[in-house]
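Throughout, protein chains are lettered first and strands after them, A, B, ... in sequence-line order, and every chain is numbered starting at 1.
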Amino acid sequence: MSSNNYYDVTTWPVGNPSEDVGEVINSIIADIKDRQAATDVNNGGKPGAVIYLPPGDYHLRTQVVIDISFLRIQGSGHGFTSSSIRFNVPEDEWPDLHELWPGGSRIIVDLPLGVDGEASDEAKGAAFYIERSGSPRISSVEFSNFCIDGLHFTPDGSELPPENTYVNGKTGIYVASANDSFRVTGMGFIYLENALTIHNADALSIHDNFIAECGSCIELRGWGQASKITDNLIGAGFKGHSIYARNHGGLLITANNIFPRGASSIHLDGVTRSSVTNNRLHSFYPGMVVLAANSSENLVATNHFLRDHEPWTPFLGVDNGLDDLYGLLCVSGNNNSVVGNHFSEVIDAQGIRPAGATPVIIRLLEGAGNFVSNNHVVAMDVHSTSSDSCFSAQVDALLTTGVSDGLAVTAVLVDPGSARNTILDSGTDAQVIADRAVNALRATPTVGFRAAHADSIAGSAPTS
Amino acid sequence: MSSNNYYDVTTWPVGNPSEDVGEVINSIIADIKDRQAATDVNNGGKPGAVIYLPPGDYHLRTQVVIDISFLRIQGSGHGFTSSSIRFNVPEDEWPDLHELWPGGSRIIVDLPLGVDGEASDEAKGAAFYIERSGSPRISSVEFSNFCIDGLHFTPDGSELPPENTYVNGKTGIYVASANDSFRVTGMGFIYLENALTIHNADALSIHDNFIAECGSCIELRGWGQASKITDNLIGAGFKGHSIYARNHGGLLITANNIFPRGASSIHLDGVTRSSVTNNRLHSFYPGMVVLAANSSENLVATNHFLRDHEPWTPFLGVDNGLDDLYGLLCVSGNNNSVVGNHFSEVIDAQGIRPAGATPVIIRLLEGAGNFVSNNHVVAMDVHSTSSDSCFSAQVDALLTTGVSDGLAVTAVLVDPGSARNTILDSGTDAQVIADRAVNALRATPTVGFRAAHADSIAGSAPTS
Amino acid sequence: MSSNNYYDVTTWPVGNPSEDVGEVINSIIADIKDRQAATDVNNGGKPGAVIYLPPGDYHLRTQVVIDISFLRIQGSGHGFTSSSIRFNVPEDEWPDLHELWPGGSRIIVDLPLGVDGEASDEAKGAAFYIERSGSPRISSVEFSNFCIDGLHFTPDGSELPPENTYVNGKTGIYVASANDSFRVTGMGFIYLENALTIHNADALSIHDNFIAECGSCIELRGWGQASKITDNLIGAGFKGHSIYARNHGGLLITANNIFPRGASSIHLDGVTRSSVTNNRLHSFYPGMVVLAANSSENLVATNHFLRDHEPWTPFLGVDNGLDDLYGLLCVSGNNNSVVGNHFSEVIDAQGIRPAGATPVIIRLLEGAGNFVSNNHVVAMDVHSTSSDSCFSAQVDALLTTGVSDGLAVTAVLVDPGSARNTILDSGTDAQVIADRAVNALRATPTVGFRAAHADSIAGSAPTS
């Protein structure tokens with residue numbers, strides 16, 4: 001046996017990887033399948049292969065279709081650089097820029113779109129399309145350390161410049177059928193309308209990737225279980241999801257640093273018995289974490305939520321349409337645990353919607369039996385500023401603290417549709433709005449509360 | 001100098017890697033040692049090497065013996081697919097399956113077993129055996145991104161079909177002597193009785209692996225310190241441990257997604273000053289996390305525990321022998337912190353053992369000074385169902401919530417052998433069973449508790 | 001196109017990588033820049049490259065200067081072994097050692113130092129120096145899986161043996177200018193005065209590295225945002241920082257195992273809206289986590305803090321100069337959350353400084369509005385011992401629990417400079433020292449506290 005399960009797209013005899021790496025990879029996959037068919041099924045013989053993309057620009061004009069297990073596609077560089085900042089630099093300054101585009105091992109998605117510049121559908125617009133029917137489910141496809149770049153966004157009918165729309169009908173990786181033990185690691189995804197869309201995942205790992213400036217970053221659809229989304233840098237566009245999951249159980253979302261400007265940071269739809277823990281979340285809008293459609297028995301713990309205002313001029317006035325009563329965390333479901341989170345709400349009171357409203361931090365909208373404990377809410381009213389420089393505006397906003405006025409907020413709002421919740425130490429008496437006939441509350445103590453009293457009371461309790 | 005510290009098993013002149021990759025790798029290691037011996041010890045000169053396994057099937061008929069530092073063995077694919085599901089598919093359907101075996105860069109462990117099919121001992125059955133006496137401890141051996149497959153389980157004397165026993169005397173990696181700074185990353189382990197057994201580890205990293213369908217997955221034995229087991233997908237067999245550690249200090253177990261059906265999810269034996277945080281844990285039995293043998297000063301925080309019932313027909317009736325009074329978390333030790341965990345107990349009340357008992361969630365069995373705070377327990381009685389399809393049965397069970405009856409449980413049970421514990425907000429008054437003369441308790445408030453009272457009391461306290 | 005963006009230092013025609021890998025890499029970078037300049041900027045064409053270091057010893061006598069994006073430098077082995085232990089073994093035993101030096105893909109930093117053995121400045125002493133002015137910021141430089149070894153420490157004027165000073169003027173990687181989306185993964189850093197010094201980072205990822213026996217390990221300077229330091233094994237020298245950050249916002253520090261003997265484990269200076277969660281921290285001195293210079297709105301949650309005594313003979317008497325009133329966690333800033341941490345203070349009461357003082361665990365020094373809740377403090381007085389064997393001394397100390405006397409500590413000390421803090425369930429009434437006229441306190445209940453009373457009080461509250 002020679003190393004014939006190792007392929008390099010730049011040395012494969014079929015096609016030209018610079019012009020159409022999709023044709024090259026499909027040809028390699030066909031070769032893998034031909035060779036695997038010749039082996040003895042009783043002793044295995046379908047080990048898959050690795051396809052290597054050295055650093056370089058690779059236009060992809062033919063969709064890669066994967067229907068074999070154990071295929072690993074790997075590069076040597078996630079290649080992120082901000083296209084969004086560059087496209088918002090005046091064009092006459094472009095010649096002065098060191099580079100204009102992402103790099104590394106870079107797939108440039110050049111699939112044909114629909115007529116009139118319309119986006120084709122999400123699956124057709126995918127650089128990598130994975131589907132296999134029958135049994136077993138396709139397993140252990142791995143993507144590692146390369147870049148998928150959608151290159152441009154397109155007009156969306158709004159007044160936004162085309163490159164700011166987050167729309168282009170392009171998808172990075174689209175998995176259509178049930179799958180097991182997939183891995184996506186060390187990748188970069190840029191300027192795609194959908195970076196990663198995966199249906200029916202089992203034991204999926206999305207780990208240590210850079211997924212930003214995409215319409216939506218990670219969407220787990222259909223149903224699934226026992227997967228993890230960990231240690232990623234993520235930031236979707238204002239229309240999309242940074243992390244979205246539907247009908248998943250046992251999903252672990254942890255150690256992610258999720259930055260603006262996704263319509264949500266994490267949106268769970270009918271997700272149960274899953275964890276959202278230990279993430280750093282930053283958004284310019286309400287609705288940062290949404291547990292919707294009877295999402296139940298989940299743990300939302302020790303996350304850092306920061307909601308502040310859009311500081312970058314090109315996106316001023318753009319938002320996700322939610323008002324400040326929606327909550328930074330909004331729960332529709334039962335028996336969830338919301339424990340030990342920090343919330344910073346740093347906004348300009350003049351911009352609150354509806355005008356004059358008291359913004360809501362945690363909202364229990366529907367369901368019962370949720371446990372909300374030991375959350376710390378910090379709120380302040382700041383004079384909103386913005387800048388033409390994305391990075392310095394964000395850093396300036398991030399580092400400005402403690403010099404502004406306090407802002408009155410509702411730390412926890414329990415709607416009539418939610419009952420039998422327990423709310424402990426997550427807001428002062430005045431900051432928690434709930435029907436106390438049907439919810440158990442213990443307000444965060446305020447100055448004057450004496451710890452000592454508990455013991456003295458306890459001491460006296462046997463006699464009372 | 002040429003790249004002569006890079007070896008590819010498929011191009012090495014000694015042996016045939018398809019037939020016996022063990023012979024090939026041992027020959028490579030001998031070559032590395034020969035070449036290292038020729039260098040000047042005063043200027044280093046023992047850099048080790050990397051051995052590459054391209055995707056492919058590699059039978060291993062000779063144990064690999066490693067006694068040099070700085071050896072990295074790497075492949076291009078962790079290659080997991082479920083052998084358990086396949087072996088439980090009727091054999092006449094196998095020809096319709098896309099593939100029968102795991103893949104990627106796959107070591108097939110074909111070591112000779114004892115007589116009469118009996119398993120040989122764990123060290124002799126290891127594909128990779130690592131031992132070195134003297135000083136310094138062997139350091140920086142790395143395993144990355146390949147698959148170790150034990151192929152078959154064997155009869156264990158029970159009525160279980162042989163492929164469901166999790167017994168075969170095969171081990172993936174066995175480290176016999178003290179070691180420093182080892183790394184195991186991106187690997188797959190399948191159908192081994194023991195995947196990873198490591199003695200006397202210092203600063204070990206087991207990160208981002210897929211270790212499933214093995215008898216036991218990770219066992220840290222002897223003693224050790226300052227190691228981490230992070231971001232893995234893990235699931236042991238019903239007889240074994242998903243994660244086991246003995247006499248370790250400063251161990252960090254975090255961000256793992258541990259699925260059934262290990263006899264335990266995490267079992268710590270004499271482990272101190274370590275962290276079990278932020279994991280997603282799923283089991284079909286009690287005894288999910290066990291702090292045994294004076295395990296002390298550990299932090300068990302923000303984990304998600306789900307215990308439900310076995311949904312897959314082939315394993316109905318199999319369990320770990322523990323009854324429902326054992327606790328999902330059972331602590332024998334001192335001064336541990338159990339904070340902010342979510343527990344879901346979703347079982348059929350008809351199956352509770354002993355019949356009619358009230359199941360226990362957290363049990364403090366022996367020791368003193370444990371701090372149990374802000375844990376949320378959800379319990380429900382569901383009608384137990386099962387299915388021939390492993391995946392859909394699990395997903396169905398996972399996603400079914402909130403439509404079933406409540407189940408009475410003991411949230412915290414403190415045995416007479418444990419005292420001076422503090423239990424806060426981890427169960428209602430009725431759900432915490434403890435001797436209040438020797439333990440400090442504050443029950444989770446229930447409806448009717450008014451947060452406001454605290455302040456009014458506090459206000460009046462100075463006058464009392 | 002051929003794979004001409006893949007370089008191997010051992011096959012590059014310019015220079016000798018064993019003698020001066022710096023010259024070789026700089027020559028490769030010049031080649032990359034020459035070739036990139038020839039491409040059409042409108043269609044990208046600056047993909048960068050990967051430079052591979054096979055396992056081997058590479059002296060670096062010329063500083064590598066990087067000013068291009070998308071450069072990945074990778075090896076095949078992080079190569080850590082303890083030089084500190086080796087240098088503290090009597091020299092006549094060295095011939096018996098299996099190896100004397102770190103290994104893997106190992107850069108040996110042999111840059112010229114200043115006159116008289118003095119260290120040159122930190123930037124000049126860097127093996128890899130990265131700087132680029134203009135726009136955009138340099139992006140996606142990646143370092144992966146190799147070793148940077150500073151070889152020796154040098155006399156520092158104290159009585160310490162030279163190899164124990166943690167001083168040598170050598171730096172591993174120094175990033176001087178603003179940067180985006182850098183990655184440092186799987187690396188080893190050893191015997192450098194500064195391992196990683198990075199200014200003005202955006203979306204930086206430092207993940208899964210081994211950074212130990214360096215003066216300082218990770219320093220993020222200038223300002224920055226949205227970065228992550230995750231899943232690393234880290235341990236600085238007694239003079240330096242294991243993790244230091246200045247003026248960062250949205251930094252996620254999680255899942256690190258940080259061992260002694262850094263002057264601090266994590267030191268944040270003017271850092272805001274960041275997370276320190278889920279780390280395992282071990283130190284021999286006070287001042288383990290420091291939130292200084294108005295560090296505000298940070299979340300410090302579910303970390304495990306262990307402070308015990310120096311057990312290794314060569315470093316007896318060495319410390320960071322802080323006394324036991326400083327606090328293991330010391331906060332100067334506003335609105336931080338300190339939730340769910342475990343603290344173990346295991347020291348010899350005879351050695352407390354000032355003599356007879358009550359050691360402080362959490363100290364709120366300056367600021368306002370901090371939320372300290374659900375922290376568990378364990379303290380014990382142990383007879384201090386030490387050993388000539390670093391590893392066994394540490395393990396012995398780590399595993400010794402519960403056999404020693406209790407030690408009185410101040411769990412939380414609020415200085416007059418800090419006010420309006422909320423302190424819940426983080427110490428008994430006697431263990432929390434704060435002005436209760438300006439801070440809200442609820443002491444951890446002690447034995448005799450009856451959970452039931454809350455409900456009875458609540459029940460009676462409407463009538464009061």
Original post:
Yes or no on side chain to side chain contact (heavy atoms under 4.5 Å, CB included) for H207(A) and H207(B), after CA distance, side-chain angles and deciding distance?
Top reply: CA-CA 11 Å; H207(A) 176 68; H207(B) 176 68; 3.2 Å; yes
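- With a 4.5 angstrom heavy-atom cutoff, N232(B) touches chain A only via backbone atoms.
- Looking only at heavy-atom pairs under 4.5 Å with chain B, the residue among G250(A), S373(A), G340(A), G333(A) that has the most is G250(A).
- Among V378(B), N303(B), L151(B), N256(B), the residue with the largest count of heavy-atom pairs under 4.5 Å with chain A is V378(B).
- T81(B) contributes no side-chain N or O that, together with a main-chain N or O of S139(A), makes up a donor-acceptor pair within less than 3.5 Å.
- With a threshold of 4.5 angstrom between heavy atoms, S227(A) approaches chain B through N, CA, C or O but not through any side-chain atom.
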Subject >> Criterion side chain to side chain contact (heavy atoms under 4.5 Å, CB included) on K228(A) and D208(B), from CA distance to verdict >> reply: CA-CA 10 Å; K228(A) 63 185 172 81; D208(B) 198 21; 2.9 Å; yes
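- Among A301(A), A368(A), A226(A), A178(A), the residue with the largest count of heavy-atom pairs under 4.5 Å with chain B is A226(A).
- Using a 4.5 Å cut-off between heavy atoms, A437(A) contacts chain B through its backbone alone, with no side-chain atom that close.
- Heavy atoms closer than 4.5 Å to chain B are found in the side chain of L424(A), but not in its backbone.
- Between N374(B) and F371(A) there is a side-chain heavy-atom pair separated by less than 4.5 Å.
- Side-chain atoms of H98(B) and R137(A), non-hydrogen and from C-beta on, never get closer than 4.5 Å to each other.
- In this structure, Q225(A) and F259(B) have side chains that are not in contact, with every pair of non-hydrogen atoms separated by 4.5 Å or more.
- The greatest number of non-hydrogen atom pairs below 4.5 Å with chain B, out of T185(A), V339(A), N298(A), N247(A), is found for N247(A).
- For the residue pair H78(B)/E142(A), the side-chain donor-acceptor check at 3.5 Å is satisfied.
- Heavy-atom pairs under 4.5 Å with chain B were tallied for I138(A), D180(A), T230(A); the largest tally goes to T230(A).
- Looking at L299(A) and H376(B), their side chains never come closer than 4.5 Å, going by heavy atoms from C-beta outward.
- In this structure, Y6(A) and Y52(B) have perpendicular ring planes: the angle between them is above 60°, well past the 30° mark.
- Proximity to chain A is limited to the side chain of I85(B), based on heavy atoms less than 4.5 angstrom apart.
- No part of S295(A) comes within reach of chain B, as not one of its non-hydrogen atoms sits under 4.5 angstrom from that chain.
- For D149(B), no part lies near chain A; criterion is any non-hydrogen pair under 4.5 Å.
- Separating the OG atom in S205(A) from the CG atom in D231(B) is a distance of 6.0 Å, to the nearest 0.5 Å.
- Contacts with chain B were tallied for A49(A), G134(A), G48(A), P136(A); P136(A) has the most, counting heavy-atom pairs under 4.5 Å.
- You'll find the side chain of R106(B) stays beyond 4.5 Å of the side chain of P47(A), heavy atoms only.
- When each of D67(A), I68(A), T254(A) is scored by its heavy-atom pairs under 4.5 Å with chain B, the top score falls to T254(A).
- The side-chain contact (heavy atoms from CB on, under 4.5 Å) with T422(A) is formed by just one residue from the set T446(B), V447(B), D425(B), T444(B); it is T444(B).
- Each of S275(A), S337(A), S274(A) was scored for a side-chain contact (heavy atoms from CB on, under 4.5 Å) with H304(B), with one residue passing: S275(A).
- Here the rule is side-chain contact (heavy atoms from CB on, under 4.5 Å) with P55(B), and of N4(A), I32(A), V50(A) only V50(A) fits it.
- In this structure, chain B has heavy atoms under 4.5 Å from both the backbone and the side chain of S181(A).
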**OP:** Evaluate the side chain to side chain contact (heavy atoms under 4.5 Å, CB included) criterion for residues N336(A) and H342(B): first the C-alpha distance (whole Å), next the side-chain angles of each, then the deciding distance (0.1 Å), finally the verdict.
**Re:** CA-CA 8 Å; N336(A) 297 289; H342(B) 175 105; over 6 Å; no
